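A quick write-up on the structure given underneath.
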2 protein chains.
Amino acid sequence: MISQTEENYLKAIFKLSEQSDKPISTNAVSKELNTSAASVTDMLIRLSKKDLVNYAKYKGATLSDEGSRLATHLVRKHRLWEVFLYDKLGFTWDEVHDIAEQMEHIRSEQLVDRLDDFLGNPKFDPHGDPIPDADGNFAQRQQYLLASLNNSEVGVVVGVQEHSSAFLQYLDKLELVLGAKVQIIDKYDYDGSIKILLNEEKEQIITNKVAQNIFVKT
Amino acid sequence: MISQTEENYLKAIFKLSEQSDKPISTNAVSKELNTSAASVTDMLIRLSKKDLVNYAKYKGATLSDEGSRLATHLVRKHRLWEVFLYDKLGFTWDEVHDIAEQMEHIRSEQLVDRLDDFLGNPKFDPHGDPIPDADGNFAQRQQYLLASLNNSEVGVVVGVQEHSSAFLQYLDKLELVLGAKVQIIDKYDYDGSIKILLNEEKEQIITNKVAQNIFVKT
DNA sequence: ATTTATTTTTAGACTAATCTAAATATTTTA
DNA sequence: TAAAATATTTAGATTAGTCTAAAAATAAAT
Ligand SMILES: [Mn+2]
Ligand SMILES: [Mn+2]
Ligand SMILES: [Mn+2]
Ligand SMILES: [Mn+2]
């Protein structure tokens, strides 16, 4: 049996592994989970005894096949619950994550699969992140950073890089939500800010920081 | 903050308190939760330090007002999730309890209240047990044991006393489910078994043990 | 009213998960 | 490449929750 705490460590390592190919350092995990580095070392030793991570002293950790499978399943549950909260209960996209953090730990294969069907087998969660299927396969999609588009190019918002409530609420204010159509009018070298045409009707300027955290498909 | 384990103890004491007015003994809790009596003593001391139970050595425990409030809220969550699993995901009444045991610990006031609305503010769960509202008030209903009806009396099944999967699955086979209409044809003193007319069409004999575990309204 | 049986508490130990402080490795910088 | 800075591990402690075995209290039976 694997504990909720162990699950959280696996998920953290999984998340960090998406951002880099190298083994994940003790400190990276410690920062991600707000625990001490000492605690992380302890846990990595425990997880490697269970063959869920490959760990070598001072060398960091990677997920084993089984660890990876478990982490992917957690991500599946997390994102399906986010869809449930958003689609069925009317929560906003900045509210769903914290509740899903709890719900992802519910153990019942039947529950996950029935939930998936109940929700219409969604392929993406409310933040545009892909939902792995029962076999752990993610839907892949070409997506670019909004900041990388050139003048006059058009994109549709399909995801976010940042997931903080503050950022998501700010996007609501800017009306830069999933599905929004964005055309690049001009890019200003001075501070990297970008003038866009939003949904073919409204021009506005967004900062580079915002544009660096939005994914679009073209 | 209260832990999941503490929540389970509160719920156990709450459940046992429904069956008797006296303080709940250490052994009763230990039996209910499958833990040692020593563990229960430890926990009762901890819970009484948090003013969630009133506990005196060798005298058993009762819930404080706050403990009772928390336990009722857990029951509310448990039964709402059972309705969700039954109504929305198509689980059977013998499957919902175990999953709800996990889901009842999810912490979010908003979630509970939105779920309640989503489900149409149900007053009873799939076993016919009343669901407390947000203020902790239960819908009360006159209900009798099927075994207590007299010859020719009619009742509608509205609940069960036993909640074991074995019993619930057996009731499915007998078609003695919630809503079934039952008329007493004859009661046999020899072994207490009862001949009933089910849904105005089928006669069958049920054991006293079954009749003692079914609630009907008349 | 003693003795016997049962219940409950205490004593002591264990595991999971966490922390701080100190020791040791690794990496960076000069 | 030696010194300084940073990262990681070890040592030792703490808390929640659990257990078994022994001691003490309560209840039941003779
Ligand atoms: Mn999330
Ligand atoms: Mn998400
Ligand atoms: Mn139940
Ligand atoms: Mn129920």
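In the text below, chain A, chain B and the rest are named by the order of the sequence lines, each starting its count at 1. Remember, predicted model here, so these are calculated numbers, not experimental data.
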Requested in this report: Could you tell me the separation between the NZ atom of A/K22 and the P atom of C/dT27, rounded to a whole number of Å?
Outcome: 11 Å
Query raised in the report: Once you round it to whole Å, what is the distance between C1' of D/dG17 and NZ of B/K50?
Result: 12 Å
Query raised in the report: Which whole-number value in Å describes the distance from A/L33 CG to C/dC19 P?
Result: 10 Å
Query raised in the report: Between D/dT18 and B/T35, is there an OP1 or OP2 to side-chain N/O distance shorter than 4.0 Å?
Result: no
Query raised in the report: Do A/N27 and A/S25 get their side chains close enough for a donor-acceptor pair, meaning under 3.5 Å?
Result: no
Query - Separation of D/dT20 P from B/N34 CG (nearest whole Å) - result: 12 Å
Query raised in the report: Between the side chains of B/S64 and B/E66, does any donor sit under 3.5 Å from an acceptor?
Result: no
Query raised in the report: Do A/K209 and A/F167 meet the cation-pi criteria used here (NZ or CZ under 6.0 Å from the six-membered ring centre, within 45° of the axis)?
Result: no
Query - Nearest-0.5 Å distance that lies between atom CZ in A/R76 and atom CG in A/D125 - result: 13.0 Å
Query raised in the report: Would B/H78 and B/H97 count as having a side-chain donor-acceptor pair, cut-off 3.5 Å?
Result: yes
Query raised in the report: To the nearest angstrom, how far is B/M1 atom CE from D/dA16 atom P?
Result: 14 Å
Report task. Measure the distance from CG on B/N8 to P on D/dA16 and round it to the nearest whole Å. Result -> 17 Å
Query raised in the report: When every nucleotide of nucleotides 4-16 of chain C is labelled 5' to 3' by its protein contacts under 4.0 Å (heavy atoms), B for base, S for sugar-phosphate only, - for none, what sequence of letters results?
Result: ---SBBB-----S
Query raised in the report: For B/L52 and D/dA16, what is the distance between atoms CG and P respectively, to the nearest whole Å?
Result: 14 Å
Report summary line: Applying ring-ring contact (aromatic ring centres under 6.0 Å, His included) to B/H73 and not counting sequence neighbours gives none
Query raised in the report: Does a side-chain N or O from A/S39 land closer than 4.0 Å to OP1 or OP2 of C/dA17, or not?
Result: no
